[in-house]
Structure formats: C-alpha cells, structure tokens
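Here the structure comes first, spelled out in structure tokens, and everything after it is commentary.
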Amino acid sequence: MRSLLTRIGCTIEELELSGSLAECCGFGGLQSTANPELSDDIVAKRQSRLNLPAVAYCAMCRDRLGNETTHVTHLLDFFLPLNTPDNLYRGTGPNLSERRENRARLKKELEEEIWHTAPAPGEPYESIHLVMDEEVRSLLEQRRILDIDLQRVIYHAETYKRAFINQDNGHILAGLRPVRVTYWVEYSKENDGFRVHSAYTHRMLVTGTDSLGDPA
Amino acid sequence: MSQGFYPPESGTWSCMACHCPLEEKAASITYLESSFHVTLLTCPQCGLVLVPEHLSMGKMFEVEKLLEDK
Ligand SMILES: [Zn+2]
C-alpha cells in the first residue's frame, strides 16, 4: 500500500498507532451489529486521530471512518481509470439500502456490459416510491430494515388491501413476512409515493399475519 | 410473555379491506418450538391481526433473544 501510493506521488505520514497497534474501525467481528454504541465510540476515537486525509485499503474502514469532516479514500480509487485526484470519493459511506442498491446496480451493469446476459425482470414492488425524513432513516438503519423490505410490505398491502387504517390521522399499518422476519410499516400516501412514519420487525410467527405467497 | 392485551399505543384502527373496527382476540405466537398466547386487535371479518410496535420491539424482541440463547 505504501509503495503503491509513493509510486503515484503521494507523501505518506504514518498514523500515531499503526502496525500491530493499529486501531479498528469498529466493524471487525460485526461489532457494529453486536454493540453499536461501542462501535461508534471506536469510530469517533479513531477519527479524532486522523488529522490528514486518510487512505484505507478495507472497504468497511473507508465507509465507517469517512465523512464530510474526516476524509478517507479507498486505495483502489487512486487507480481506477475514470478517477482524477479531484473526484476521489472521501465522504460519508452509503446507508444500508444504498449499499444494497449499489450491489444491484453493479450486477446489472456487469450483466449488460460484460456478460451480455439478459437482466432479470424487475419486481413489481420496485416501483413503490418511498419518502422519509432523516429521523426515520436512522431508525431504519438501527433496526437493519432496507427500503426493499418496506417496498414489499407496501406493495402487498396496497395490492391485496391487507392493512389497518388509523381513523385519527389516516396512517396505514401493514405487516408481511417474506421469509423469516415479519416487517411492519406505518405509512401514508403522499403524491405519487408513500411516506414512511415507522417500521419494525419480529421473528416470532403470529397467527393472522400475512406471509409472502399467501395473500388473504 | 403473559396473556396480556397489547393494543397499539395510539390511534383508532380499523381494517382497510373490511372497513370494520377491530376487536380483542387471542392470537398465538410461535418461535423456535415455543408458543405463547396474547390478546391482539383483530379484524372480526377477515381475521387480520395487528402486532403493535411496542410489543414487537419490546417483549417479543426480548423473548426472541432468550429463546435464541437457550
Ligand atoms: Zn378485515
């Protein structure tokens, strides 16, 4: 890593703690899932010691440590053909749903441009347009709920009218179990889309709730 | 998990398909070979059951963890 960077003209300054003393980004061993508070502490500590733009060779370090104030670039970005020193990505990492969408987009591009295979037909629920504020977005991140999970529930509810409606404010509440987890979404219609107010999950199976494949 | 009644924390909910108010009804919850009974709001016509957020993220979540650790 150091010799690659030197070769393209970067001047390297070592971190205070490196080699066997290097600090973790808080993702290792899925710590960010098992103990999110501790993991966030570790990230903040590590960021506080980065005074210069940093380079990471691990994708999780890049995404967890990089944000608008702590600039972190992935090593590979320096060498990709379309990148120039000015357009290297170094900001905040993608959220859970964006991460999934990135993977899906990459697969689609590879299918079209490299493998020349017919792309899989899109699912009908993909047309469900979601709107939510920052607070709801971060709740969903914390609860590990993806946009695609919400889209499936709302599509099912709207298609089969399997949902509850709150007479006080018009909010709709619907649940669906695609495989092992039941997702519930509280939402309302807004223009051409659906505003998400909250969402939650449970693994326990409750009689009288819908699973995929058995509407009504 | 007790046999308690767990309505949503707020709102007057009805079934979107049947347009009727919900009623208290016993529902069974199963997970990893254990099963429980609770009372939940249910549509009297189509039988759709409402699992509220506080039950899902509270008691159910705790019991799921307990059973997974067994
Ligand atoms: Zn009904």
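Excluded from the calculations below are hydrogen atoms, water molecules and symmetry mates; all remaining heavy atoms, backbone and side chain alike, are included. Residue numbers begin at 1 in each chain, while the letters A, B, ... track the order of the sequences.
Heavy atoms from other residues, nucleotides or ligands lying under 6.0 Å from CZ of B:F5 number more than 12. Around the CZ atom of A:R137, the shell of radius 6.0 Å holds more than 12 heavy atoms that belong to other residues, nucleotides or ligands. More than 12 heavy atoms of other residues, nucleotides or ligands shown are found within 6.0 angstrom of CG on A:D168. For CZ of B:F61, the number of neighbouring non-hydrogen atoms (other residues, nucleotides, ligands) closer than 6.0 Å is 12 at most.
How far OH of A:Y200 is from CE of B:M60: 9.5 Å, rounded to the nearest 0.5 Å.
Nearest heavy-atom pair, A:T201 versus B:S56, reported as atom, atom and distance to 0.1 Å: O-OG, 2.8 Å. Considering every non-hydrogen atom in both B:F36 and A:M204, the closest pair reads CE1-CE, 3.6 Å. When all heavy atoms of B:A17 and A:K161 are compared, the closest pair comes out as CB-O, 3.2 Å. Nearest approach of A:T207 to B:V49, heavy atoms of both residues: O-CG2, 3.4 Å. Nearest heavy-atom pair across B:W13 and A:H171 is CZ3-O, 3.5 Å.
Taking 4.5 Å as the limit, every side-chain heavy atom of A:V206 sits out of range of all side-chain heavy atoms of B:T30. At least one side-chain heavy atom of B:M57 sits less than 4.5 Å from a side-chain heavy atom of A:R143.
The most heavy-atom pairs under 4.5 Å with chain A, out of B:L41, B:L40, B:L22, come from B:L22.
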Original post:
Do A:F164 and B:L48 pass the side-chain contact (heavy atoms from CB on, under 4.5 Å) test, and can you show the C-alpha distance, the side-chain angles, and the key distance before you say yes or no?
Top reply: CA-CA 9 Å; A:F164 301 102; B:L48 194 65; 3.6 Å; yes
Subject >> Verdict with reasoning, B:E68 to A:R203, per side-chain contact (heavy atoms from CB on, under 4.5 Å) >> reply: CA-CA 11 Å; B:E68 282 162 11; A:R203 294 177 171 273; 3.7 Å; yes
Original post:
Hey, mind stepping through A:L205 and B:I29 against side-chain contact (heavy atoms from CB on, under 4.5 Å) and telling me if it holds?
Top reply: CA-CA 5 Å; A:L205 186 63; B:I29 298 183; over 6 Å; no
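Scanning residues 174-189 of chain A against chain B with a 4.5 Å heavy-atom cutoff picks out A:W184, A:E186, ordered by number.
Side-chain N or O atoms of A:Q167 include none that pairs as donor or acceptor with a backbone N or O of B:T12 at under 3.5 Å.
Across B:C43, B:C46, B:C15, a single residue satisfies side-chain contact (heavy atoms from CB on, under 4.5 Å) together with A:R162, and that is B:C46.
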